[in-house]
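Following: one structure in structure tokens, then a few remarks.
In this text the structure is predicted, and so the values were computed from the model without any measurement.
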Amino acid sequence: MSTPTALTPTQATARFGEFTVVDVRTPGEYATGHLPGAHNVPLDRLDEAAGALKAAAGRAPLLIVCASGARSAKGCAQLAGQGIEAATLDGGTSAWAAGGHPVERPAGARTTWPMDRQVRLAAGSLVVIGFLAGFAWPPAHWLSGAVGAGLVFSGVTNTCGMAAVLTKLPHNRPPKNTVSFQETLLRLAA
């Protein structure tokens, strides 16, 4: 598998009109702010969207984005495995916004932390709770061990079960007026 083409925000801005932009963050993260005109296709639904993305890539090159560039690089690799070429935005929407480039935010959208930050907070909190509770009840130390094992598994497999759980929380859900996944697929395929 080859490394996807990574564009800096400056390079992407120079060619922005050429791209179909696809944001692979969760709908809740996407709603907090995204590149202008970006379509939301969460990373865990890329396979489901392959047909629409292939059609879109036939009309214009794809630019895959996320918060930091990690998930978008993974998404590009996943698409490459299906014969769909795409570039990733180096540094993601964070670098884009830091560079002073415009970000769209739907009216009424909440600002949530990026998913990687939520995972770090949840994992760290569980480890501290397990450690402290272990002084009163020694078997509670196993909680810290279980979280550590989960983090090792996450690193080895490049997946994150905790993020999958956190995406289900109410603060990570998009506003009610958000374009549905099915509508996004129709727009990409058209």
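Linking Ile, Leu, Val, Met, Phe, Trp and Tyr residues whenever their side-chain heavy atoms come within less than 4.5 Å leaves Ile84 and Leu7 in two separate clusters.
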Side-chain donor-acceptor contacts of residues 119-134 below 3.5 Å, not counting sequence neighbours, with atom names and distances?
| from | atom 1 | to | atom 2 | distance (Å) |
| --- | --- | --- | --- | --- |
| Arg120 | NH1 | Asp116 | OD2 | 3.1 |
| Ser125 | OG | Leu121 | O | 2.7 |

Under 3.5 Å, which donor-acceptor pairs link side chains of residues 15-25 to any protein atom two or more places apart or in another chain?
| from | atom 1 | to | atom 2 | distance (Å) |
| --- | --- | --- | --- | --- |
| Arg15 | NE | Glu18 | OE1 | 3.1 |
| Arg15 | NH2 | Glu18 | OE1 | 3.2 |
| Asp23 | OD1 | Arg25 | N | 3.0 |
| Asp23 | OD1 | Arg25 | NE | 3.0 |
| Asp23 | OD2 | Arg25 | NE | 3.2 |
| Asp23 | OD2 | Arg25 | NH2 | 2.8 |
| Arg25 | NH1 | Glu29 | O | 3.4 |
| Arg25 | NH2 | Gly33 | O | 2.6 |

Determine all donor-acceptor pairs shorter than 3.5 Å in which one atom belongs to a side chain in residues 162-170; sequence neighbours excluded.
| from | atom 1 | to | atom 2 | distance (Å) |
| --- | --- | --- | --- | --- |
| Thr167 | OG1 | Ala164 | O | 2.8 |

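With contacts defined as side-chain heavy-atom distances shorter than 4.5 Å, the pair Thr32/Trp113 does not qualify. Counting heavy atoms from C-beta on, the side chains of Leu46 and Leu43 come closer than 4.5 Å. Between Phe181 and Pro27 the shortest side-chain heavy-atom distance does not fall below 4.5 Å. Within the 4.5 Å cutoff, the side chain of Trp96 has no heavy atoms near those of the Val65 side chain.
Partners of Glu104 according to the salt bridge (Lys or Arg N to Asp or Glu O under 4.0 Å) rule, which considers only residues two or more places apart in sequence or in another chain, do not exist here. Not counting sequence neighbours, the partners of Glu183 by the salt bridge (Lys or Arg N to Asp or Glu O under 4.0 Å) test are Arg187. Under the rule for a salt bridge (Lys or Arg N to Asp or Glu O under 4.0 Å), the partners of Arg45 that lie at least two apart in sequence or sit in another chain are Glu48.
Atom-to-atom distance recorded for Lys54:NZ and Leu62:CG is 11.0 Å, nearest 0.5 angstrom. Taken to the nearest 0.5 Å, the CD atom of Gln82 stands 4.5 Å off from the CG atom of Asp47.
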